[in-house]
Amino acid sequence: MIDDSVYIDTSCKLGRNIVIEKDVKIGSNVNIGHNTVILENTIIGDNVQIGCNNVMGCQPSKNTRIINDVKNQDSLIIKAGSIIGNGVVLYAGTTIGEDVFIGDQASIRENSNIGNSTVIGRSAKIECRTSVGSMCVIQTGAYITADMVLEDNVFIGPEVSTSNDKHMRRSLTPLKGPYLKSGASVGNNATLLPGIVIGKDSVIGAGSVVTKDVPDSTVFIGNPAKEINSIKGRGKK
């Protein structure tokens, strides 16, 4: 089912059982796989590839315990050259940059921004109001909490867990996820607690639990994570 308001260039390739709602804008040379749903007002740039069984442009909902207003999100925007895998859910109000790769079964919530040439692995979850810079890598199964910032060239290993609520919903204090500065790397299965800052070009070892700020160009490991090394000049040519 394709709404009459939708213009699709003859260069586009469409699979079977596709639903495209009203006021969707689709660029040239776009491929859309079988059983994919593209919801109202979604904007898709040129040369985008979208796999099968996806839902693009979801409007979020809430109950009485959710603090933030989620009504009337803006368009989902997918910029030129991005590749979306199979079984992916992308919410309205989010912008996906150019040449982004999103793996199968990933989910990106509303009001998030994904920078150019970033890779998001299979089954990774990115929650609402989160900013991910350009040239980042977020590997399989990572959980990126709401209200979090990743600057450019950040690496997140498989199954990394992050959190944004110090009080675990026992008070109505504002939520604040970790802030990762450019070039930071976080190893497999590490846990980052709310509000901490991971410094530029720093490294968090696999399985570490980070409970406090990490300075620039340092290595932290353990539970709780502690500094073991300085890596001044890392990343410089």
Side-chain angles (χ1 to χ4, degrees), residues 2 6-21 23-60 73-144 146 148-156 158 180 182:
I2 300 175
V6 178
Y7 171 78
I8 299 177
D9 190 86
T10 56
S11 62
C12 297
K13 296 181 180 179
L14 305 182
R16 299 176 181 175
N17 303 317
I18 289 173
V19 175
I20 304 177
E21 293 189 342
D23 298 325
V24 169
K25 296 179 176 63
I26 299 176
S28 60
N29 298 305
V30 173
N31 294 346
I32 302 174
H34 308 309
N35 305 310
T36 285
V37 176
I38 302 177
L39 297 170
E40 185 174 342
N41 295 320
T42 295
I43 300 171
I44 300 171
D46 297 339
N47 303 305
V48 169
Q49 299 181 42
I50 298 175
C52 300
N53 301 301
N54 293 320
V55 182
M56 307 281 101
C58 297
Q59 288 289 339
Q73 299 293 325
D74 293 332
S75 300
L76 167 67
I77 300 172
I78 304 172
K79 294 187 177 180
S82 288
I83 299 173
I84 314 298
N86 302 299
V88 174
V89 179
L90 303 180
Y91 276 71
T94 282
T95 297
I96 308 297
E98 295 181 358
D99 193 37
V100 171
F101 179 89
I102 300 176
D104 297 343
Q105 299 177 336
S107 174
I108 303 176
R109 291 286 304 275
E110 68 275 7
N111 285 325
S112 294
N113 186 79
I114 310 299
N116 297 337
S117 301
T118 282
V119 174
I120 297 173
R122 180 181 174 88
S123 299
K125 304 294 185 290
I126 298 176
E127 296 286 14
C128 43
R129 303 178 302 279
T130 286
S131 176
V132 177
S134 297
M135 302 293 293
C136 293
V137 175
I138 298 173
Q139 292 199 328
T140 297
Y143 178 77
I144 305 301
M148 183 167 170
V149 176
L150 285 69
E151 293 185 348
D152 296 341
N153 295 296
V154 168
F155 176 90
I156 302 291
L180 279 68
S182 62

Drop me the distance from I50's CD1 to N31's CG, to the nearest 0.5 angstrom. 9.0 Å

I'd like to know if the side chain of S112 and the backbone of T130 have a donor-acceptor N/O pair within less than 3.5 Å. yes

If you compare all heavy atoms of A92 against all heavy atoms of Q73, which two are closest, and at what distance to 0.1 Å? CB-CB, 3.8 Å

Tightest non-hydrogen contact, residues C58 and V89, listed as SG-CG1, 3.7 Å

Minimum-distance pair of heavy atoms, taken over all atoms of R109 and E127: CG-OE1, 3.2 Å

From CG (N113) to CG (N111), nearest 0.5 Å: 10.5 Å

Heavy atoms of I8 and C12 approach each other most closely as CG2-CB, 3.6 Å

List the steps, then state whether side chain to side chain contact (heavy atoms under 4.5 Å, CB included) holds for T42 with L90. CA-CA 10 Å; T42 295; L90 303 180; over 6 Å; no

Using side chain to side chain contact (heavy atoms under 4.5 Å, CB included), reason through I126 and T94 one step at a time and then give a plain yes or no. CA-CA 11 Å; I126 298 176; T94 282; over 6 Å; no

What I'd like to find out is whether the side chain of L14 reaches to under 4.5 Å of the side chain of I2, using heavy atoms alone. yes

Side chain proximity check, V24 to M56, heavy atoms < 4.5 angstrom: no

Once rounded to the nearest 0.5 Å, what's the spacing between atom OG1 of T36 and atom CD1 of I84? 10.5 Å

What one should report as the nearest heavy-atom pair of N86 and D104 is N-OD1, 2.8 Å

Quick one: closest heavy-atom pair of H34 and R16, and the distance? ND1-N, 2.8 Å

For the backbone of L39 and the side chain of E21, can you confirm whether one donor and one acceptor N or O come within less than 3.5 Å of each other? no

Within the side chain of D99, is there an N or O that forms a donor-acceptor pair under 3.5 Å with the backbone of N116? no

Kindly compute the distance separating CD1 (I120) from OG (S107), expressed to the nearest 0.5 Å. 10.0 Å

Does any part of the side chain of I156, heavy atoms only, come nearer than 4.5 Å to the side chain of L180, both counted from C-beta? yes

Flag if over 12 foreign heavy atoms under 6.0 Å of CG, D9: yes

Could you tell me whether the side chain of S82 and the main chain of G97 form a donor-acceptor pair under 3.5 Å? yes

Do N17 and N35 get their side chains close enough for a donor-acceptor pair, meaning under 3.5 Å? yes

Is the side chain of T140 donor-acceptor paired with the backbone N or O of S123 at a distance under 3.5 Å, no angle test? no

Is a side-chain N or O of S131 found less than 3.5 angstrom from the main chain of V149, in a donor-acceptor match? no

For I38 and V6, what are the C-alpha separation, side-chain angles and deciding distance, and is it a side chain to side chain contact (heavy atoms under 4.5 Å, CB included)? CA-CA 11 Å; I38 302 177; V6 178; over 6 Å; no

To the nearest 0.5 Å, what is the distance between CG (N29) and NZ (K13)? 9.0 Å

Between the main-chain N or O of C136 and the side-chain N or O of T118, is there a donor-acceptor pair closer than 3.5 Å? yes

Look at the side chain of S182 and the backbone N and O of N153, then say whether any donor-acceptor pair between them is shorter than 3.5 Å. no

Determine whether a donor-acceptor pair (N or O, by modelled atom type, separation under 3.5 Å) exists between the side chain of N54 and the backbone of G87. yes

Between the CD1 atom in I96 and the NZ atom in K79, the distance rounded to the nearest 0.5 Å is 10.5 Å

